[in-house]
Amino acid sequence: MIHSLFLVNATGDIFLEKHWKSVVSRSVCDYFFEAQERATEPENIPPVIPTPHHYLISVLRHRIYFVAVIQSEVPPLFVIEFLHRVVDTFQDYFGVCTEAAIKDNVVVVYELLEEMLDNGFPLATESNILKELIKPPTILRTVVNTITGSTNVGEQLPTGQLSVVPWRRTGVKYTNNEAYFDVVEEIDGTYTFDPVTKLLSWDVGKINPQKLPSLKGTMSLQAGASKPDENPTINIQFKIQQLAISGLKVNRLDMYGEKYKPFKGIKYMTKAGKFQVRT
């Protein structure tokens, strides 16, 4: 499925590559760089780029492009989900997923990629299983590996592979049995523009006037940057707890396969997508 993976930084340099089936030349990324030059924003690069002999499927996370090279048609969302899982795994192991963190832990990165894909097909992608296969890096473990020449690879079969639920280790006991489910809702608002007042209004739903949310924050300039001459456009993110902006409500919750009587509760949250404030 996935033949190669290239990691490209914000300046367009390939700082890491991994091949599973056969070595694919870096020149295949020229098609990606051409799309990058045509894009007005970094996130506007097409996620799927066809080439004469390959397909390039990419995601942008933490200012790093993860570009997978495919030689046959596969569901693009399947590859995109795997790339996001790779990023989440790096962040779980190293605390952050940056170019510096990946370079500092390049051996662990290659070990993880080797376990996550088997001959180009996803194999072990759950964090519990991977942490038993590849031990997370620590200062002490790094020093010991340097002296003894050992690696972070575990010596025993992960217990998670013997579990019915792959992300849960076998024999785990919890004091509270809780299950959480996320319902993600995306909505598009309608807008009106008043040419007299030059006011653009965007209607996305109704908010309880007795519990109006407030938006607070601070803006700081990058060190060494000059103060902008004009009012800048600010990209912001916000969350509104206990609110479903569309009015969607959960009417009933049922849980099967358990003998105990579970506590069932609903929590709502509204999160912003791509949102700009013009100052």
Side-chain angles (χ1 to χ4, degrees), residues 1-9 14-26 28-29 32 45 47-49 54-138 141-142 145 150-170 172 182:
M1 190 179 81
I2 299 179
H3 281 68
S4 300
L5 175 66
F6 295 94
L7 271 58
V8 184
N9 58 22
I14 301 174
F15 65 92
L16 187 138
E17 60 183 274
K18 170 64 178 174
H19 308 279
W20 283 274
K21 291 189 176 182
S22 58
V23 177
V24 178
S25 174
R26 287 189 173 192
V28 72
C29 293
F32 175 81
I45 298 177
V48 181
I49 301 175
H54 304 87
Y55 293 95
L56 304 182
I57 301 179
S58 64
V59 298
L60 173 63
R61 294 279 301 273
H62 307 289
R63 301 187 65 187
I64 299 176
Y65 295 97
F66 292 76
V67 184
V69 181
I70 316 297
Q71 287 190 343
S72 58
E73 290 191 11
V74 297
L77 290 179
F78 187 73
V79 180
I80 290 175
E81 172 63 23
F82 174 77
L83 294 178
H84 282 294
R85 185 61 62 90
V86 170
V87 179
D88 294 339
T89 301
F90 289 170
Q91 193 165 5
D92 187 23
Y93 264 72
F94 313 134
V96 293
C97 182
T98 61
E99 180 180 355
I102 293 174
K103 287 182 176 179
D104 291 340
N105 300 277
V106 64
V107 175
V108 179
V109 167
Y110 277 109
E111 290 174 345
L112 287 172
L113 293 177
E114 194 66 34
E115 296 294 341
M116 296 182 73
L117 279 185
D118 181 19
N119 198 29
F121 291 88
L123 177 62
T125 59
E126 296 295 340
S127 179
N128 282 337
I129 296 177
L130 287 172
K131 285 184 177 179
E132 294 188 51
L133 287 169
I134 309 296
K135 302 299 181 183
T138 61
R141 187 172 290 124
T142 301
N145 291 346
S150 57
T151 65
N152 291 354
V153 179
E155 298 179 355
Q156 297 180 353
L157 180 67
T159 58
Q161 290 187 347
L162 305 177
S163 173
V164 178
V165 184
W167 49 263
R168 182 175 178 175
R169 299 188 300 272
T170 55
V172 176
D182 293 332

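Each residue takes its place number in the sequence, starting with 1.
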Closest heavy-atom pair and its distance - [X], [Y]:
X	Y	answer
E132	K135	O-NZ, 4.1 Å
K21	F121	NZ-CE1, 4.0 Å
L130	A124	CD2-O, 3.5 Å
H19	F6	CE1-CZ, 3.8 Å
C97	I64	O-CD1, 4.0 Å
V24	S4	CG2-OG, 3.3 Å

Working to the nearest 0.5 Å, report the span between [atom1] of [X] and [atom2] of [Y].
X	Y	atom1	atom2	value
T89	L113	OG1	CG	9.0 Å
K103	T98	NZ	OG1	10.0 Å
F32	I45	CZ	CD1	4.0 Å
L133	E126	CG	CD	12.0 Å

Is any side-chain heavy atom of [X] less than 4.5 Å from a side-chain heavy atom of [Y]?
X	Y	value
F78	P122	yes
E81	L77	no
R61	D88	yes
I129	E115	no
V59	P47	no
L7	I102	yes
W20	M1	no
I70	I2	yes

### Message
Using side chain to side chain contact (heavy atoms under 4.5 Å, CB included), reason through L5 and L83 one step at a time and then give a plain yes or no.
### Response
CA-CA 9 Å; L5 175 66; L83 294 178; 3.7 Å; yes
Look at atom [atom1] of [X] and say whether more than 12 heavy atoms of other residues, nucleotides or ligands are closer to it than 6.0 Å.
X	atom1	result
F94	CZ	yes
R63	CZ	no
Y110	OH	yes

### Check against side chain to side chain contact (heavy atoms under 4.5 Å, CB included), H62 and V87
CA-CA 9 Å; H62 307 289; V87 179; 3.8 Å; yes
### Task
Could you tell me whether the side chain of R85 and the main chain of T125 form a donor-acceptor pair under 3.5 Å?
yes
### Query
Taking Y93 for the side chain and S127 for the main chain, is one N or O donor matched with an acceptor at less than 3.5 Å?
no
### Query
Just one of L60, L56, I14, N9 clears the side-chain contact (heavy atoms from CB on, under 4.5 Å) bar with Y65, so which one?
L60
### Message
In terms of relative ring orientation, are F66 and F90 parallel, tilted or perpendicular, with 30° and 60° separating the classes?
### Response
tilted
